[in-house]
Peer 1: 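Below you will find the structure I want to go over with you.
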Amino acid sequence: MTPSPRPSPPSPGPLTALPAYDADAPALAVDDLRVEFPAARGRRTSTVVDGASFQVTAGQTLAVVGESGSGKSMTARTALGILPAGAAVRSGSVRVHGVDLLTLDERRLRTVRGRHVAMVFQDALVALNPVIPVGRQIAEVFQVHGRAGRRAAARHAVDLLDRVRIPDAARRAGHYPHQFSGGMRQRVVIAMALALTPQVLIADEPTTALDVTVQAQILALLQELQDEHRLALVLVSHDLAVVAQSADHVAVMYAGQVVESAPGYELYRRPAHPYTRALLDAVPRRGRRGHPLATLPGAPPDPARPADGCRFRPRCPLARAQCATPPPVHNVGAQHTSSCHRWQEVTGS
Amino acid sequence: MTAEPHSTPVLDVRDLVKRHPAGNRPLARRGGHQITAVDGVDLTLRHGETLGLVGESGSGKSSLARLLTAVDRPTSGEITVLGRRLDLLRGRRLREMRRNIQLVFQDPYTSLDPRMTVYDIVREPLLIHREVTPRADHRARVAELLELVGLSPDHASRRPHEFSGGQRQRIGIARALALQPGILVCDEPVSALDVSVQAQIVNLFTALRSELGISYIFIAHDLAVVEHVADRIAVMRRGRIVETGTVADIYDRPQHPYTQELLASSPDLEPALRGRAVPDPGYEWLR
């Protein structure tokens, strides 16, 4: 298929028209995804996402938790087809209601972004154009997708700012990004993401740059909007404490792999992977003052030189000879999986 | 937990004020429009004590840190370090006094010069304050400092980019300790680090305190981290300290509405973990 040189070719039609579309399938299902930076100029191949799988249904919140370099953001970006230059998807699928986005061409992918899957990033200042009033930036979304004329789009934009609880929305629509506080700016970005009523909203560290009181407000807002729109919400975070209140299900990533996946209440109370358990113990907790924090020795592996077998082996206090073979995914409870040979010792059962 | 009871104040701050011209446009200075970053702060740090300073961005925490370390000079007010008025000192006397109160920065990525080796970075303060360590002993002293913060003396010949975030923060701490300061002002020293690494650095601060008898001003926005390291807490908002108290006062019986709001919004694992046998063998299982 040759790309059309015209600026606005007719839209290739909604995802719902595709034969693979299944309204009952999960809103987003990532299956055995592998993303690499291929070897180049003396650099070895880096596998940054290595067989990650998870899914989220409408009205649910999935938290994808991991430290820097765990591949959590890379996985999230694949769902929008916005991988950084040089990164390539090697295998796996990313399905939105049954349709594999990795098989779509760029033109159709463009209609998926915003309309089916939208994303909110950590830094709202970078996501907004500094020289255009925020109302016009939101209105543009409608115009580009051919959803409304100028006047109607401007009206919709004010509605959206109102829906993300920005006070005095009609006046604020005329303001520039720098005139908003960090929290208000993140609300503007969320409004923009919701413009085309997507089914899936991916929020990549949406509150990391914000103060705690503002962070609590933004998390509450995401939760409210999710209820109103029956959104499938993917919350990408480095912090198990931040997602503790809102996640229905948590996927813990380490070195490009999902090492444990469990319903929220289950993961915190009965972690079944030594990495999850170490992370939980390393978080300073209120009311545990005076105790030294548990630390994890070492640092995550270089994605170009992963350990054989279990990736966590070099840092794991439970590692034995068997850990040199890749651990299978064990079912350790209802919707609870762990990729650890010795998960039974971790849960203490 | 500390070697000596917290009695003698090592740092005493009275009615400290810092005003900046609003914006850095030339006319702003002339217009007389000013921002008050620090607005009448009183605080006391006793020997061997850790004072946690919490507040949100723009509350004046970092401005206060810069005043305490004499990076910036106050508009008015008094700063007394080890019995001497820091705010009145100039020139050589000020330079000598700075030895006693050192700053640890938030971002271990931008606060280390990428072209310098670890040896040069940690040794730099010794070249400025020549009276502290004789030149011939520099190599041994740097090795000692690296070991103190949990690095290997072999790391001295490497450059910052070869280290992870947590290791870089250790380098920054080694540099801050080079002059044997009595007081360390740590401005968000762990907020750029991953959770598992953050715990290593928090524990390092605690260990250094009992080993070296250092007193800390520990600035952070994460209330759970501060609860872990501090003896007393000062809550800052809009340039003022709105509440001061022991850790138990602030966390268990917060008085000021703002402190209450901060505590209510701070993310906490505790509710999610309820029902989990907490330190069954606790963190000991990791050892």
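In what follows, every chain begins at residue 1, and chains take the letters A, B, ... in the order their sequences are listed.
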Peer 1: With chain A, which of B:Asp222, B:Val202, B:Asp252 has the greatest number of heavy-atom pairs at distances under 4.5 Å?
Peer 2: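 Highest number of pairs under 4.5 Å: B:Asp252.
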Peer 1: Checking B:Gln167 against chain A: side chain, backbone, both or neither under 4.5 Å from a heavy atom?
Peer 2: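 Contact with chain A is absent: no heavy atom of B:Gln167 under 4.5 Å.
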Peer 1: For a quick test of reading the model, state the closest non-hydrogen atom pair linking B:Ala224 to A:Pro284 and the distance between them.
Peer 2: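 Residues B:Ala224 and A:Pro284, closest heavy atoms: CB-O, 3.3 Å.
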Peer 1: Between A:His336 and A:Glu260, does any side-chain donor sit less than 3.5 Å from a side-chain acceptor?
Peer 2: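 Short answer, yes.
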Peer 1: For B:Ala230, is it the side chain, the backbone, both or neither that has a heavy atom under 4.5 Å from a heavy atom of chain A?
Peer 2: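 For B:Ala230, there is no contact with chain A at all, as no heavy atom is under 4.5 Å.
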Peer 1: Hey, does A:Leu128 have a side-chain heavy atom less than 4.5 Å from the side chain of A:Arg185?
Peer 2: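 Yes, close enough: below the 4.5 Å cut-off.
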Peer 1: Counting only heavy atoms not in A:Arg165 (residues, nucleotides, ligands), do more than 12 fall under 6.0 Å from its CZ?
Peer 2: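 Yes - once you tally the heavy atoms of other residues, nucleotides and ligands closer than 6.0 Å, there are more than 12.
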